[in-house]
Structures are given as C-alpha cells and as structure tokens.
Amino acid sequence: MDKKRILVTGSNGFLGHKLTELILKNTNYDLCCTSASVNRNPQNEGYKFQQLNLIDLEGLGRLIDEFQPTHIIHSAALSSVEVCENDPVLCKAINVDSATFLAQRCKEQDIHLTFLSTDFVFDGQHGPYKEEDTCSPVNAYGQSKLDAEQEIRASGCSAAILRTILVYGVIADKKRSNLVLWAKNKLEAGEAIKAVSDQWRMPTWVDDLAAACLLAVEKNAEGIYHISSDTLFSVKEVVEQVADYWNLDRNLVGSVTAAEIGQATNRPRKTGFVLDKAKAELGYNPTPLRATFERIEQQIKELEKQNER
Ligand SMILES: NC(=O)C1=CN([C@@H]2O[C@H](COP(=O)(O)OP(=O)(O)OC[C@H]3O[C@@H](n4cnc5c(N)ncnc54)[C@H](OP(=O)(O)O)[C@@H]3O)[C@@H](O)[C@H]2O)C=CC1
Ligand SMILES: Cc1cn([C@H]2C[C@H](O)[C@@H](COP(=O)(O)OP(=O)(O)O[C@H]3O[C@@H](C)C(=O)[C@@H](O)[C@H]3O)O2)c(=O)[nH]c1=O
C-alpha cells in the first residue's frame, strides 16, 4: 500500500513539534514540514523541511507540487489574540488567505486537508459547545479562524476541521510555554501567581491533539470535530490541579478576573466542547488531566536525559 505523504505547516509550533514526533514514528508516512523560521525542532532528520512564509502563496504552491502530499495538516497560524487584534491585515493573510489557498489546491489535486481551529469561534455565553452550535467570535483571531473554516467548506475539498482549546504539554523547544508549564515552573520557583477564576475551558493535552490529527488523516475525515479534554475547569482550577499533582503550594495560587487582565471582552467566558461526534466518528479518546500530568512528568525527565547527552 502506498505511503501517505503528509505536509505539516507550522512545524516549529507547539502542535507542530508533537506532530513531527508522532508522524516519524509511523513507517507508513512520508513527512514534509514547513514553517516561517529555520527548523527549531531538534528532531531534524528523516523528513524534508522547507522554511517558507505562508504569505508567499506561490512558494507554497511550489512546495505542494514538489512534495506531492496526499494529506496536509495546516497547523500554522498567528495564534496570539493580541497580535491578531493589533494587525488585522497580517492576521487575515496568515490565518485566512493561506487556508483558502490550501483548500483550493486540495480540491484541485484531491489532497485531504486537516485544519486546526479554535473554541474562540464561539462567544463563550453557552458552553460547552457542539460542532453545529452558532459561532460568534469575540476577537479577531477567532473571527479569522471562522472565516478560514467557511472558505475551506466552500472550496468543496476533502477536509477535517479540528477545533481545540487551551493546549498544554511539553516539547523540546522550551520557548513555547503554556498554562500548565507556566504554573508548574512558577510554583516550583516559589513564585506567587494569579490565575483567572472566571474563564472556563476544557484544556487539551498536545499529545491528544496530535493523535486526533492523525485519526483525521487515517480516516480522511470530513467535517468539523471538537477535540479537547472532557472535563470543564476554570483556569484557576487547572492551576490548582497542577499544584496538587506536583505537591506545590496552593497558597501561592491567587485569583484574578478576566477583566483584571484585560480579557473580559476579547475572550469567551465559558467554552468547552461536547465530544460525542469526535469520539463516535474518529475514535477520539481524551486522556484524563492527572494522567496527562504523569506523562508530562515522564517527558520532562526524558528531555532532561537527552539534554545531558
Ligand atoms: N495553542 C493553543 O492553545 C491553541 C491552538 N489552536 C490552533 O492550533 C494550531 C497550532 O497551535 P500552536 O501549536 O499553539 O501554534 P504556535 O503558535 O505554537 O505555532 C504556530 C506556528 O505557525 C507558524 N507560522 C506563523 N506565521 C507563519 C507564517 N507567516 N508563515 C509560516 N509559518 C507561520 C510559526 O512558525 P515559526 O515558529 O517558524 O515562525 C509557528 O511555529 C494553530 O492553528 C492554532 O490557531 C487552537 C486552539 C488552541
Ligand atoms: C497572563 C495570565 C493568563 N492567565 C490565563 C488566561 C488564559 O485562560 C490562559 C492562557 O492565557 P493566554 O492569553 O496565553 O491564552 P489565550 O489566548 O486565552 O489562549 C488561547 O490561545 C489560542 C491560540 C486559542 O486558540 C484558544 O483556544 C486559547 O487556547 O492563562 C492567567 O490565569 N493568569 C495570567 O496572569
């Protein structure tokens, strides 16, 4: 059986690192990675890497012609809410126009597209959300992702749109922090932190998200799927779970409201997802929070050993 040829965009990113690691473990896949900067993944053998700015659509088209992917996992994005608010032109170019171009190419060349989207397509007034619930983004980032979703669906290409939430975990690139690592590192340093008490999320372990992407690839899945953990926590409760698991001082965990950190209007208050469709159609099975912490602890130790070599 011919190998699947997977092109991953945003390979230097949080999810991109995990996707590279997971895809390289499977001999049925050939991998090509692309990202705006030079390859930051220390796992830099066994696949083609092409540095490319996605604004260069001609260059992106040439890469697709050269690599001839059967599947594209489009993970690249301007993923900062604030940057997207401050630079709507750049936000549209990266988050919408590149996705639109890829969808058109995928339609023309019969390539399957997996697109990463977000809970920020919702307004956060009625979570947890099903895939068919009405979208009403409250920030430019969420709007750009919804616009991309709509362009992809209008293209008629074979596509899975995976929406996810507040991704956490550990990768080799220490520059890419996230809620869990931020809380763990601060509390281990004995530093007091303030966690948001009035935002509710179903945080997603990056390893589960990468696995979900490959489920979509394997099944040539079509449509929108909600991918997250299946327990709704306030952000502060997630941080308290981190303190409890790693036996850190809960008293260092203070409260802050979304309004106090300038996130009252530009972030949805309560999201979370109903996972029935992803579980039934993809076989998606999220890892419980504390079990993800156990795996993160093991991965941190493995990375420390690799760094000692
Ligand atoms: N992290 C989260 O909590 C969530 C993420 N998502 C979505 O999942 C996807 C992956 O997220 P995550 O891994 O956190 O993203 P990151 O921000 O960690 O990585 C995004 C990657 O996109 C690349 N990129 C950005 N602009 C360009 C450009 N102009 N040309 C080429 N590459 C570019 C960057 O490349 P480089 O580093 O080389 O410059 C970066 O590595 C994104 O689409 C995001 O919107 C959805 C919900 C939650
Ligand atoms: C700065 C700060 C943030 N927080 C919380 C707020 C927020 O819920 C969480 C993460 O803060 P951030 O602003 O980095 O993350 P935020 O931009 O809210 O996260 C989003 O990222 C994009 C890519 C998405 O698609 C969304 O699903 C979501 O994951 O940390 C605190 O608790 N205390 C703090 O001091």
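All residue numbers refer to positions in the sequence shown, counting from 1. Both counts, for ligands and for their atoms, begin at 1 and track the order of listing. Bear in mind the structure is a predicted one, so any value in this text is a computation, not a measurement.
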Discussion item. Side chains of Q150 and R153: any donor to acceptor distance under 3.5 Å?
Written reply: no
In the protein, what heavy atom is nearest to [atom], and what distance, to one decimal place, separates them?
| atom | answer |
| --- | --- |
| atom 16 (P) of ligand 2 | R267 NE, 3.5 Å |
| atom 21 (O) of ligand 2 | S79 O, 4.4 Å |
| atom 1 (N) of ligand 1 | R176 NH2, 3.6 Å |
| atom 28 (C) of ligand 2 | F120 CZ, 3.7 Å |
| atom 1 (C) of ligand 2 | I261 CD1, 4.5 Å |

Between ligand 2 and [X], is the shortest N or O to N or O distance under 3.5 Å?
| X | result |
| --- | --- |
| K194 | yes |
| V196 | yes |
| R201 | no |
| V81 | no |

Worksheet item: Is the backbone N or O of E82 less than 3.5 Å from a side-chain atom of E85, with the two atoms forming a donor-acceptor pair by type?
Response: no
Worksheet item: Any sub-3.5 Å donor-acceptor pair from T287's side-chain atoms to T292's backbone N or O?
Response: no
Worksheet item: At under 4.0 Å between heavy atoms, which part of R40 makes contact with ligand 1: side chain, backbone, both or neither?
Response: side chain
Using heavy-atom distances, let me know which of [options] sits nearest [atom].
| atom | options | answer |
| --- | --- | --- |
| atom 22 (O) of ligand 1 | G169, A77, P203 | A77 |
| atom 34 (C) of ligand 1 | A76, A210, S80, S35 | S35 |
| atom 13 (O) of ligand 1 | L15, T164, N41 | L15 |

Response to the item:
Between T204 and I227 the two heavy atoms that sit nearest each other are OG1-O, 3.6 Å
Discussion item. A side-chain contact here means heavy atoms from C-beta on lying under 4.5 Å apart; do D133 and H126 qualify?
Written reply: no
Fill in: V235 neighbourhood, listing ligand 2 atoms whose heavy-atom distance to it stays under 4.0 Å
5 (C), 8 (O), 32 (O)
Worksheet item: Q263 heavy atoms, cut-off 4.0 Å: which ligand 2 atoms fall inside?
Response: 6 (C), 13 (O)
